[in-house]
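In what follows, a structure is listed as structure tokens, so that the remarks can point back to it.
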Amino acid sequence: MAVVGPVRTLLVAHLQAGWNRSRKELGKSGRTAYVITLTMLGLFAAMPMVGGSLVGGYFLGRGLPDPILIRILGGILAFLALLGGIVGGLFSGNRTLGWESTRIFPLRLRSLFTAELIAGAGDLLPLAMATISACLLLGVGVAKPVLLMLLPLPWLGTLLAVLCIRYLVGSLSARLTKHLRLALAVLAFFLWITTTLLPTTTRRITEKGRSPSAISLQVKQGLKHLVKVVDHLPSTQSVRGLGDALQGRWGLALSRQIYPMAMLALLLLAAASTLKHDSNPQASDPVKKGSAEKLWSFSTPMLGVARLQWRAITSSHLGRFQLLIPLMVLVLIKGPFASIKGATIWTLPMAFAYLSMSGIQIQLNQFGLDGPGIKALLLLPIRSRDLLVGKTLGLLGFLGIQVALLLILLSLVGKLGPLQALAGVCFSGCLFLLQVSLGHWTSAWLPRPMPRDSLKNNNMAQPVIWLGMAGMLVGMLIFGGIFLLTNWLAPALLLPVMALLLGMLFLIYKHQVLPAAARYLDGRKEVLVQSLG
Amino acid sequence: MSYALEFENLTKAFGEKVAVHDLTLRVEAGSLLGLLGRNGAGKSTTLKMVTGLLKPTSGSIRVLGLDLATDDLAIKQQIGVMPEDMALLEYLTGPQYLRFVGRMYGLEDAVIDARRDELFAKLDLAPAPKGLVAEYSYGMKKKLALCAALIHAPRVVFLDEPFEGIDAVTSRTIKDILNSLQSRGVTIILTSHIMEVVEKLCPLIAILDEGKLLGFGPLTELRAAEGADNLESLFVDLVGGVKTGELSWL
Ligand SMILES: Nc1ncnc2c1ncn2[C@@H]1O[C@H](COP(=O)(O)OP(=O)(O)OP(=O)(O)O)[C@@H](O)[C@H]1O
Ligand SMILES: [Mg+2]
């Protein structure tokens, strides 16, 4: 019998653990419900995605040697790689496999890296990106069967790029949080650059750019820029090779793949060396604490819980990372979004929505950061209701800091009137109440321990991820819709409407949600202890 | 005589706190060393450094003549470790976990399973407990961690508190296993707070306090030098600090 290699061993253990865990957590009925949910999701989200990409790929493929279509296909592939990599990295942290428990084994870096990449491909976003790009290219292949032999190249390139970028972004954000002060300084510097340089350029354009012809000129220039960038993308080069192959120039077609391959090799190398650094024992040393701890004083158990939750968030990597989000929002608003026409109307709600979204991992898993400490908490004489309110207050305090930061930053760059600002705060409050209410259930239903010393929190239970996304979508559609509609139809009413909405939600939370959630929590304490302890 | 373990000016600092301070120590191959010290003395930190879980701030470590800084893979292949917190993959079942560990060391599945059955039988874990490691009792986890540390026939074994939380019968079994390992030339380094066990089991003793080596040598020699008649009084004499008096409110 042959020896099983380390990569397969790591992956097998990863899959076994995931499978065992979901079996244990969901129980039989939960499993059925989950499968049904997934099937529905598959039907309503995955099928259109697959079908759409296949059809899109087919039409792109039919007209293929066309240079515009080449650019479009190349642009799409690069977009998929960047989107999957960056968003995936930001939300799921760097590591998919738990390394802590594998450190004592004689494990080569190469094996760890390979296993990490493969395991990462099983994550939601990379999986979606891989599927979309595969269908797209398959569509091309159906339209032009000659190309079928070459198509795996751009596909593999896209997939590997997603995985490497995801890892790099995750690792970078983990490092930023570790050195929070440095990160803040760097981002602030970046911000300063964008605010001092960008306004002058935009002003110059707007001054002379009032007439329609000037605007269209501007758009044309922008497009030219874009085309130039797309032309130089590795994915475009790769697709261009496909075009050459169609015209029978196979040698050229193959040599066109050298540049994307080289870029990919660079990416792989960067990710591997980052992983080497991350797997170094020193890298997992705990965050250094700032000042000496003061002893706490609080008047009620509820406030004690709030204080504890606040402390847990601010001392965790995840929480520290979230303090960077307001700055990122601003960079986005000042940078890429500033140039989009008509962006001003929706940037404000988007900014607040994004901010509220960023806390979702902790909001949906409110006991996660307590970890084994949950036992200590449950041993104390605290009512479930107080426990929940305490959690909410702690989370609210943290959101308050984030919102305050964002408001200060926005007013510094002059994007904000006081009424709008308050309306934005109300909007955040609405989203917050919705998410926290949902979180009261999900936290007691499928609790998972969250490490404080890493961003690796993609071990959220799958159903909770789906539920969270659905909740977020509903909240953004309803509250965001109301915000935008009011802002458009009757701007003067914006603040009263949003305040009224928030007030209503608060009453619902207090009188309906809280008692029910407390009853549910009463029955789930044992689960909390078992899953977190 | 060849050394299984050599520390040269080993130091580990966590910020201001120096957990292990300038430790120099050589352990001959085939020894059974008991590493003693009060809570927070730096025992676990030392073991974590040898097993690659922590990086020394300064100093060097050699295991079986190999330098840990350059040959860590070759070293890890030949050592077995039971860390303080056991570091098990809690969401695997016991047998799944041992499969995982065995394959990591490059063993064939058949070998792994055969050794597992033997270990489980010996440690009173047979038939293999149903369910995930997360559901095991504390002692069961400890036994599983011990199985994982031994399954690949290591030449040096590091056990952090193997006897704590273990029933008396299993404790005896573990002692037997360790004795027979030693008789076959395996080097064993263990920590424990149970002086009676260490006294009977470990011919060689090292005592750490506040990260520094207070005493090192054969138990009999140390006892003679300090004029103590058992290990406990030797330890208390060397380390000191026994508090007397009553609690004011009880
Ligand atoms: N990650 C860490 N960060 C900061 N200090 C640490 C860390 N790990 C250990 N220490 C400190 O190093 C010292 C030695 O700890 P260590 O765990 O090695 O003690 P020990 O001898 O194993 O104690 P015990 O018998 O209680 O297990 C302690 O003072 C501890 O507070
Ligand atoms: Mg210890």
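Below, read A as the first sequence line, B as the second, and so on, with proteins coming before strands; counting in each chain starts at 1. Since this is a predicted model, take the numbers as computed values, not measurements.
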Can you tell which part of E135(B) gets under 4.5 Å to a heavy atom of chain A, answering side chain, backbone, both or neither?
->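 Answer is side chain: those atoms of E135(B) sit under 4.5 Å from chain A.
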
Take a 6.0 Å sphere around [atom1] of [X] and say whether it holds more than 12 heavy atoms from other residues, nucleotides or ligands.
X       : atom1 : result
K276(A) : NZ    : no
Q16(A)  : CD    : yes
R155(B) : CZ    : no
K175(B) : NZ    : yes

Can you see which heavy atom on [X] is nearest to which on [Y], and at what distance?
X       : Y       : result
M104(B) : T9(A)   : N-CG2, 4.2 Å
V3(A)   : L107(B) : CG1-O, 4.2 Å
T93(B)  : N20(A)  : N-ND2, 3.9 Å

What's the spacing between L15(A) CG and Q96(B) CD if we round to 0.5 Å?
-> 11.0 Å

CD1 of I79(B) to CZ of F105(A), rounded to nearest 0.5 Å, is 10.5 Å

What part of V12(A) is in contact with chain B, defined as an atom under 4.5 angstrom from a non-hydrogen atom: side chain, backbone, both or neither?
->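 Side chain of V12(A) only, per the 4.5 Å heavy-atom cut-off to chain B.
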
Selection from I75(B), V101(B), D72(B) maximising heavy-atom pairs under 4.5 Å formed with chain A |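 Ranked by heavy-atom pairs under 4.5 Å with chain A, first place is V101(B).
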
